[in-house]
Amino acid sequence: MVPLSRGKIIETLLHPLRDHLWGGAALISLYISILSGIVVGLHYDVADPFYSTTAMELLIPYGSFWRALHYFSSQAFFLLLLVHLAAVLWKNEAEYKRSAWVRLCLTLPCALLLLFTGYVLRGDATGEAAGAIAEHICLAIPLIGTQVNDLLFDLTDSGVRKVYIHHVIGLVVLGGVAAWPHLRRYTANWHNHLILVVLTIVVSVVWTAPIEPEQFGLLFIAGPWFFLGLQELLRYLSPFVAGVIIPLLPMVLLCWLPKKAPARNRWLLAIGLWLLAYTILTYICIQRI
């Protein structure tokens, strides 16, 4: 037997990254999320989000399954998108003009907001906490805070109506437009991701999507899992710094990432350190729950 070199071992371990399987898996998860979201949306009432969400599991056939399928496929889409991004950065093979690369990077905040607005639309304790914090951050933006909040959330005056429109139309369209240069290069076939599809269905059958009723008397209510690091930052810094400036840092670094080493490696290291710090903050926040 011929021993494998270190480079060959690394190449073997990273073989899935070469085939763009992560990006295809993310796209398949998004398709499942959209299809199941249509079923869920048909029975959703923006005038009473919490009741319509909970009643969905009782009043419509297989309501619990459809809501779970929408929830878990959405989570899978976001996580797989992050892995796909890491794979693209690792390979550093795609040649994009700076404008096209910036446009492509904007798919990440679109996906994050798409997932975030899904939590807000549940109308439960987690969704209300997330919405209240998001409004607080928007209003803290100098000069244009009120306009930004009116555009994105406006929960106090409009309930979840604007959030619902963004979730089902606006963010999907924006994300599609931002990702179009990338989507033209790659396709995702269902038969290449059957394991993912079956696993998502099995998970949705076995586990129900979480929902939390009003939790009176609690001093601390956590938002979505990816929001916890930001929520912890708000304990130490102003809303504008903790909720806008610091979260924008990795996006700025990513959008203007140099194409060649060693500058590229330093920028990637900075992004990695930001992720490490955010993970630590998330862990600290989890301990308060």
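Quick caveat: nothing in here was measured; it's all calculated off a predicted structure.
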>> Testing the basics here: between Cys255 and Val102, what is the closest heavy-atom pair and its distance to 0.1 Å?
In response: O-CG2, 3.7 Å
> Quick one: CZ on Phe65 to CD1 on Ile60, what's the gap to the nearest 0.5 Å?
Replying inline: 11.5 Å
> So, the side chain of Trp90 versus the backbone of Leu85: is there a donor-acceptor pair under 3.5 Å, distance only?
Replying inline: no
> Is the CG atom of Leu59 crowded by more than 12 outside heavy atoms at less than 6.0 Å?
Replying inline: yes
>> Could you check whether any side-chain N or O of Ser36 sits under 3.5 Å from a backbone N or O of Ser33, counting only pairs where one atom can act as donor and the other as acceptor?
In response: yes
> Quick check: are there more than 12 heavy atoms from other residues, nucleotides or ligands sitting under 6.0 Å from CD1 of Ile144?
Replying inline: no
> Quick one: NE2 on His136 to CZ on Phe153, what's the gap to the nearest 0.5 Å?
Replying inline: 13.5 Å
>> What's the separation between atom CZ in Phe226 and atom CG in Leu82, rounded to the nearest 0.5 Å?
In response: 10.5 Å
> Do Phe227 and Ile245 share a hydrophobic cluster, counting only Ile, Leu, Val, Met, Phe, Trp and Tyr and linking them when any side-chain heavy atoms are less than 4.5 Å apart?
Replying inline: yes
> Under a 4.5 Å cut-off applied to non-hydrogen side-chain atoms, are Leu254 and Leu89 in contact?
Replying inline: yes
> Is atom CH2 of Trp207 surrounded by more than 12 heavy atoms (other residues, nucleotides or ligands) closer than 6.0 Å?
Replying inline: no
>> Hydrophobic cluster membership, with links at side-chain heavy-atom distances under 4.5 Å among I/L/V/M/F/W/Y: are Ile165 and Phe116 in one?
In response: no
>> Could you tell me if the side chain of Phe78 sits less than 4.5 Å from the side chain of Leu30, heavy atoms only?
In response: no
> Would Tyr236 end up clustered with Val244 when hydrophobic side chains under 4.5 Å apart are linked, directly or stepwise?
Replying inline: yes
> Shortest non-hydrogen contact from Arg122 to Thr126?
Replying inline: NH2-CB, 3.8 Å
>> Counting C-beta onward and ignoring hydrogens, is there a side-chain heavy-atom pair between Thr53 and Leu121 closer than 4.5 Å?
In response: no
> Do any N or O atoms from the side chain of Thr279 and from the backbone of Leu275 form a donor-acceptor pair under 3.5 angstrom?
Replying inline: yes
> When rounded to the nearest 0.5 angstrom, what distance separates SG in Cys285 from CG in Leu281?
Replying inline: 9.0 Å
>> Contact between Trp256 and Trp267 at the side-chain level, heavy atoms closer than 4.5 Å - yes or no?
In response: yes
>> So, taking the atom named CG in Leu276 and the one named CH2 in Trp274, what distance separates them when rounded to the nearest 0.5 Å?
In response: 11.5 Å
> Take atom CH2 in Trp180; do more than 12 heavy atoms of anything else shown fall under 6.0 Å from it?
Replying inline: no
> Is there a side-chain contact between Thr146 and Leu139, using heavy atoms and a 4.5 Å cut-off?
Replying inline: yes
> Is Leu108 close to Leu112 at the side-chain level, that is, under 4.5 Å between some pair of heavy atoms?
Replying inline: no
> Are Ser73 and Thr200 linked by a side-chain donor-acceptor pair shorter than 3.5 Å?
Replying inline: no
> Just by distance, do the side chain of Lys162 and the backbone of Leu155 share a donor-acceptor pair under 3.5 Å?
Replying inline: no
> What do the steps show when you test His167 against Val172 for side chain to side chain contact (heavy atoms under 4.5 Å, CB included), and what is the final call?
Replying inline: CA-CA 7 Å; His167 185 74; Val172 175; over 6 Å; no
>> Starting from Phe77, can I reach Leu35 by hopping between I/L/V/M/F/W/Y residues whose side chains sit under 4.5 Å apart?
In response: no
>> Between Tyr44 and Tyr164, does the ring pair (Phe, Tyr, Trp, His ring centres under 6.0 Å) criterion hold? Intermediate values first, please.
In response: CA-CA 10 Å; Tyr44 184 81; Tyr164 181 76; 5.5 Å; yes
> Is Leu253 close to Leu257 at the side-chain level, that is, under 4.5 Å between some pair of heavy atoms?
Replying inline: no
> Between Tyr119 and Asp124, what is the shortest heavy-atom contact and its length?
Replying inline: O-OD1, 4.3 Å
> Hey, is the main chain of Thr54 close enough, under 3.5 Å, to the side chain of Arg67 for a donor-acceptor pair?
Replying inline: no
>> What verdict does the side chain to side chain contact (heavy atoms under 4.5 Å, CB included) test give for Leu269 and Leu273, after you've listed the backbone C-alpha separation in whole Å, the side-chain angles of each residue and the deciding distance to 0.1 Å?
In response: CA-CA 6 Å; Leu269 177 61; Leu273 291 175; 4.2 Å; yes
>> Taking Leu234 as the starting point, is it possible to reach Leu248 by hopping between hydrophobic residues whose side chains are less than 4.5 Å apart?
In response: yes
>> Minimum heavy-atom separation for Ala209 and Tyr71, please, with both atom names.
In response: CB-CB, 3.7 Å
> If you take all heavy atoms of Leu237 and Ala242, which pair is closest and at what distance?
Replying inline: CB-CB, 4.0 Å
> Are the side chain of Trp225 and the backbone of Thr282 linked by a donor-acceptor contact shorter than 3.5 Å?
Replying inline: no
> So do the side chains of Ile133 and Gln231 get within less than 4.5 Å of each other, counting heavy atoms only?
Replying inline: yes
> From His193 NE2 over to Trp22 CH2, what is the distance, rounded to the nearest 0.5 angstrom?
Replying inline: 10.5 Å
>> Quick check: closest heavy atoms across Thr107 and Gly175, and the distance to 0.1 Å?
In response: CG2-O, 3.7 Å
>> For Thr156 and Glu135, which I'm curious about, is there any donor-acceptor pair between the side chains at under 3.5 Å?
In response: yes
>> Go through it in stages, so that I can follow the logic: the residues are His43 and Ser52, the test is side chain to side chain contact (heavy atoms under 4.5 Å, CB included), and I'd like the CA-CA distance, side-chain angles, deciding distance and then a yes or no.
In response: CA-CA 7 Å; His43 302 273; Ser52 62; over 6 Å; no
> Does Tyr278 use its side chain to pair, donor to acceptor, with the backbone of Leu230 at less than 3.5 Å?
Replying inline: yes
